[in-house]
Amino acid sequence: MRAVPCPPAASLADIGDERARSEAILDMDPVAREDLALALAACLGDPDPNLRDGVAYVALSQMLRSQLVSIETVMRLEADLRARLAQPANADGFEAPFAALVLSEVARTDRITPWMGPEERDRLIAATHAYLSTLSDFRGFSDGDGWRHSVAHASDILMQLSLNPQLNKPQAEAILAAIALKVGTPDHAYIHGESERLAAPVTYLAIKETFTAEEWSEWFASLWPQGDPLREEAYRSEAALIKLHNLQAFAQSVYINAMASNDDRMKPVAGAAFEFLNQLP
């Protein structure tokens with residue numbers, strides 16, 4: 001049986017193409033627009049990729065980036081999305097990754113016009129860490145279903161937080177701890193750009209010069225400790241090869257981005273990534 005389309009997204013889709021929908025959102029009564037923003041959160045789990053991604057996400061992104069909704073609504077949306085992120089995974093696997101994607105847009109609003117305090121940023125980092133710690137659905141894109149992309153979307157939350165001028169060092173450390181949960185997973189070989197998305201928060205944190213060269217080297221080394229038995233099986237085990245592939249792709253992305261930036265602030269992380277690559281099995 002075909003699922004009934006999520007009404008708020010379906011009604012918006014009936015207006016026309018993306019430009020027509022964008023204009024309609026701009027012309028809305030402000031109260032109606034606030035209500036729509038909150039209602040669209042329920043459509044992030046719609047199995048139709050056109051409604052989920054092309055309508056619900058795009059509309060929410062527009063409203064958040066253009067500051068078309070109040071901070072009170074942004075706060076309510078953030079709480080709703082965090083709750084969706086924490087829900088047990090279902091077979092479809094759409095809602096949580098798209099809640100994460102919109103949460104990255106919510107995090108961006110705080111970067112542009114601060115409204116969170118340190119506790120709220122701590123809470124969002126902790127929610128992202130908790131999501132990644134239990135994540136076992138690595139599906140990226142499929143022709144029939146469109147995107148899920150859980151790891152990449154969670155990385156986008158961390159990226160926006162890493163860009164935030166209000167970020168403190170303990171929060172930066174917590175972001176690195178969340179990245180470390182999945183950057184070298186032996187459970188799935190990334191093929192949908194996940195390693196590059198995981199690398200983005202690292203490169204932005206490096207620009208802040210929060211960590212010393214020694215701290216970067218220690219963090220990279222912790223991604224695959226010398227005592228891990230998989231290191232001895234690197235070319236005789238599927239899990240070890242997957243882990244090696246993922247870590248190589250991640251470290252190479254950090255190194256290339258750092259070197260291409262021609263920014264002296266990136267030299268410590270570039271050196272740590274290069275050292276790590278040379279120490280891989």
Side-chain angles (χ1 to χ4, degrees), residues 6-9 11-12 15 18-19 21-46 51-87 95-132 152-172 174-175 178 200-201 204-205 207-208:
C6 184
S11 296
L12 197 56
I15 292 172
E18 184 176 333
R19 180 174 179 178
R21 296 194 299 271
S22 177
E23 291 174 352
I25 288 170
L26 286 170
D27 292 340
M28 274 184 182
D29 172 79
V31 174
R33 190 163 55 222
E34 307 271 348
D35 290 342
L36 176 63
L38 295 170
L40 283 173
C43 300
L44 297 173
D46 196 287
L51 290 182
R52 178 180 71 251
D53 200 345
V55 177
Y57 165 68
V58 169
L60 282 165
S61 179
Q62 176 193 357
M63 286 187 269
L64 291 167
R65 287 188 173 238
S66 299
Q67 299 181 323
L68 297 176
V69 290
S70 67
I71 292 299
E72 290 75 16
T73 293
V74 176
M75 293 171 67
R76 291 177 62 189
L77 186 60
E78 190 267 349
D80 183 330
L81 295 168
R82 273 192 296 105
R84 294 178 191 277
L85 199 65
Q87 289 295 315
E95 185 174 61
F98 275 87
L101 188 60
V102 180
L103 271 172
S104 74
E105 295 291 340
V106 170
R108 181 184 180 276
T109 67
D110 179 60
R111 175 167 70 84
I112 302 302
T113 305
W115 58 268
M116 292 185 190
E119 297 82 5
E120 286 76 21
R121 295 187 193 100
D122 286 343
R123 185 177 61 192
L124 184 53
I125 295 170
T128 309
H129 186 285
Y131 174 57
L132 288 170
H153 291 177
S155 301
D156 290 348
I157 302 174
L158 301 175
M159 178 195 71
Q160 291 294 345
L161 288 162
S162 72
L163 284 163
N164 196 311
Q166 308 298 321
L167 195 78
N168 58 40
K169 186 167 183 177
Q171 290 167 339
I175 287 173
Y204 289 123
L205 287 175
I207 292 172
K208 292 178 179 292

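Everything numeric here is computed off the predicted structure, so don't read it as measured data. By convention here, the first residue in the shown sequence is residue 1.
Salt bridge annotation for Asp80-Arg84: present, with a cationic side-chain nitrogen under 4.0 angstrom from a carboxylate oxygen. With respect to the salt-bridge test (charged N to carboxylate O, under 4.0 angstrom), the residues Arg123 and Glu119 do not qualify. A salt bridge between Glu72 and Arg76 is absent, with no side-chain N of the basic residue lying under 4.0 Å from a carboxylate O of the acidic one.
When atom types are taken as modelled, the side chain of Glu120 and the backbone of Trp115 share no donor-acceptor pair closer than 3.5 angstrom. Judged purely by atom type and a 3.5 angstrom limit, Ser11 uses its side chain to pair as donor or acceptor with the backbone of Pro7. In this structure, the side chain of Asp156 does not engage the main chain of Ser104 through any donor-acceptor pair within 3.5 Å.
Here the side chains of Ser70 and Glu34 are in contact, with some heavy-atom distance below 4.5 Å. Within the 4.5 Å cutoff, the side chain of Tyr204 has no heavy atoms near those of the Asn164 side chain. In this structure the side chain of Pro114 reaches within 4.5 angstrom of the side chain of Arg121, judged on heavy atoms. A 4.5 Å side-chain heavy-atom check between Leu64 and Val102 finds at least one atom pair inside the cut-off. Side chains of Leu12 and Ile25 form a contact here, defined as non-hydrogen atoms less than 4.5 Å apart. Between Leu40 and Met63, some side-chain heavy-atom pair lies under the 4.5 Å cut-off.
Here the CG-CG distance, from Leu103 to Leu124, works out to 6.0 Å after rounding to the nearest 0.5 Å. Rounding to the nearest 0.5 Å places CG of Leu36 at 11.5 Å from CG of Asp29. One distance of note links CG of Asp27 with CZ of Arg33; it measures 9.0 Å at 0.5 Å rounding. The distance from atom CZ of Arg65 to atom OG1 of Thr109, rounded to the nearest 0.5 Å, is 10.5 Å. If you take CG on Leu161 and CG on Leu205, they are separated by 9.5 Å, rounding to the nearest 0.5 Å. With values rounded to the nearest 0.5 angstrom, Glu105 atom CD is found 6.5 Å from Gln160 atom CD.
Annotation for Arg52 and Asp46: closest pair NH1-O, 2.8 Å, computed over non-hydrogen atoms. When all heavy atoms of Leu81 and Ala41 are compared, the closest pair comes out as CD2-CB, 4.4 Å. The minimum heavy-atom distance between Ser162 and Pro201, with the atom names listed, is OG-CA, 3.6 Å. Pairing each heavy atom of Ala100 with each of Ala154, the nearest pair is CB-N, 4.1 Å. Residues Gly54 and Arg21 approach most closely at O-NH2, 3.2 Å, considering heavy atoms. Looking at every heavy atom in both residues, Ala37 comes nearest to Thr73 through CB-CG2, 4.3 Å.
Within a 6.0 Å radius of CD in Glu18, no more than 12 heavy atoms belonging to other residues, nucleotides or ligands are found.
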- [ ] Take Gln62 and Leu26 through the test side chain to side chain contact (heavy atoms under 4.5 Å, CB included) and record every step on the way to the result.
- [x] CA-CA 9 Å; Gln62 176 193 357; Leu26 286 170; 3.9 Å; yes

